[in-house]
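Atom set for the values below is all heavy atoms of this structure, side chains included, hydrogens, waters and symmetry mates excluded. A note on names: the letters A, B, ... follow the listed sequences, proteins ahead of strands, and every chain is numbered from 1.
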Amino acid sequence: MLKKYRLAYSLAWQRELEYRSTFLMERVRSLTLLVSFYFLWTTLLAGRASFLQYSLSQILTYAFGMHLLRALVLSSRSWEVISEINSGRLSAYLLRPISHLGYWITQDLADKTMNLISAVLEILVLVTVLRAMLYLPHRLVTYLAFGLAILGAMTIYFLLSYLASAAGFWTSESGGPRFCFELFLEFTAGAFFPIDILPRTIQALFYALPSPYLVFFPLNVWLERLPPQAIVQGLAMQVVWVAALAWLVKVVWRRGLRLYGAEGG
Amino acid sequence: MTAIEVVHLTKRFRVHQKAPGLRGAIRGFFHREYREVQAVEDLSFTIAPGELVGFIGPNGAGKTTTLKMLSGLLYPTAGRVTVLGYTPSDRQAAFQKQFTMVMGQRSQLWWDLPAWDSFLLNKEIYEVPDEAFRRMVQELSELLELEGLLDIPVKKLSLGQRMKAELACSLLHHPQVLFLDEPTLGLDVVMQHKIRQFITAYNRTHRATILLTSHNMDDVAELCERVIIIDHGHLLYDGRLTELVSRYAPHKLISVDFHAPINTEALAALGRLVTANGLRAQLEVPRAEVSACASTLLGRFPVADLSIEEPPIERVIRSIFTHQPVPPSHAQEISSGL
């Protein structure tokens, strides 16, 4: 039963390897962001012990962690779903006994695995070259909590992306929604800078969204800046968001499929 | 026992209407206007297991929309569809394992990878056992001459090669019902012929039920005993192809070659004279009078050669859509599809 998804995962890898230049360009983009953030923060913290309650090693770890989480959480091939709906390519899945959602989980996982391997190598090289002092958690339980937070973040992002792709059932404009959604999500997720350096009212507003649980929350777990109670609360909020988004995906896709025109062909 | 049952099927779409020009685009940005399009209207028919039926109509007649409802891609607005006892829009795996839909302009093959990879994926998706998969690949490779094509990335294949790989990939799970939408679209005549041969062979070997749409009347004439004709979503005809010709084309064409020049006036008394060109003539004669006319010609004229022809099926069907009588002359025939 699961064999088809394993094979779809493997085929996605093969396809990714066919498009080496696209993959490399994506990595260069991500690496450029990392290097610019590294120099921004080292300049800002020059001659200071801390900045907005972040020590140098903590803020650099945040920057390197952002690089890792961009690869692991914020990377998604499932954005292609919107054009699949618009072009009618979705039909190929609807005709066959395979879950479209399950299929796209395999495609996203393949994408994330490749990005993760690349990101880890890049971080190792940069840490060695720049001799950056990174923050490593002192408590063993932090690693477990971080792992759970990453899992929650990946699931939330996938569901958000799959949900947003359902816009294809109602509009044929795929570029605009994606660009807007991605930028807003990265900003509110803390994928450019930690969101607790922003005014409190804006922070509170962001916390009403699922995005802080994608990057900011997992990295704060890693940096051991949260008390145990806040970690448990954060993980619980991730579960709530996963449940809410899964329900929304089900409802929206069910309605969307009734409108689906299976264009082309 | 029926394989496919369509009862009072209706499908309407809501489509966005845009006025022409920039002004229309700006107005559409603020205020969208929609209109309802009726794609299929009160359509009913049944198909028995093992039948190979041609489903024809001009562009926009509702053929593909009907096929999409039969395969579960679209939900009917009204009416009922059952295929092998299932309601297609429920998209049950047990149903999906028993049918396939091949769309000439759509592919399920992975574009960047060899077709073989898509074959393996379909094997897992349809849970085809190893031995059955091996046998089916062998059979399809022989029927479709696939040797050497399956290891090449799909994007490098020609249109004809891709269509053959597409057909094979769609049949690996041994489907009992096939919906073929324009299976010969864009193919050269040799490849069209091969695909047609394959469809006939598959229908006979596997007793599969096949519903085929095509604008290529050679496909229909060569493959289908029965045709269902629709236009503007309405059923126009459902019956044998031969009956269609006799019902809608009341005349036959007699072509005669003579040894010596003849009196064309005497010839015109036998039927409507279409052409008279020296030693050659063509006469349009009512069906019931064809035998009598032929024997008169042979008895009273210096006939060297005589042939009796049905009007081409393409011309008959075109006359149904245009509500015009079947034109008699070959000279008026347009060689393209409907």
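Going from atom CG of A/Leu259 over to atom CG of B/Leu74 covers 11.0 Å, rounded to the nearest 0.5 Å. Note that the NZ atom of A/Lys4 and the CD atom of B/Glu127 stand 5.5 Å from one another [nearest 0.5 Å]. Summarising the geometry, atom CG belonging to B/Asp117 is positioned 11.5 Å from atom CZ belonging to A/Arg15; distances are rounded to the nearest 0.5 Å. Here OG of A/Ser91 is found 5.0 Å from CE of B/Met103. Values are rounded to the nearest 0.5 Å.
Looking at B/Phe99, only its side chain comes within 4.5 Å of chain A, counting heavy atoms on both sides. Residue B/Leu67 does not touch chain A at all, counting heavy-atom pairs closer than 4.5 Å. With a threshold of 4.5 angstrom between heavy atoms, B/Ile125 approaches chain A through its backbone and through its side chain.
Contact between B/Lys97 and A/Pro97 at its shortest, heavy atoms only, is CG-CG, 4.0 Å. Contact detail for A/Gly261 and B/Lys68: the closest heavy-atom pair is O-NZ, 4.2 Å. Of all non-hydrogen atoms in A/Leu94 and B/Arg91, the two that sit nearest each other are O-CD, 3.6 Å. When all heavy atoms are compared, the tightest approach of A/Ala8 to B/Trp110 is O-CH2, 4.0 Å. Across B/Gln108 and A/Ala92, no two heavy atoms sit closer than the pair CB-CB, 4.2 Å.
By number of non-hydrogen pairs under 4.5 angstrom with chain B, the leading residue of A/Leu90, A/Leu11, A/Leu7 is A/Leu11. Across B/Trp111, B/Phe95, B/Tyr126, the residue that shares the most heavy-atom pairs under 4.5 angstrom with chain A is B/Tyr126. Annotation: maximal heavy-atom pairing with chain B below 4.5 Å, among A/Gln14, A/Arg89, A/Arg6, occurs at A/Gln14.
For B/Lys155, the NZ atom is densely surrounded, since the number of other residues' heavy atoms within 6.0 Å is greater than 12. Counting heavy atoms of neighbouring residues, nucleotides and ligands inside a 6.0 Å radius, atom CH2 of A/Trp247 does not exceed 12 of them. Open room surrounds NE2 on B/His232; 12 or fewer heavy atoms of other groups in view lie less than 6.0 Å from it.
In this view, A/Phe37 satisfies the ring-ring contact (aromatic ring centres under 6.0 Å, His included) rule with no residue, not counting sequence neighbours.
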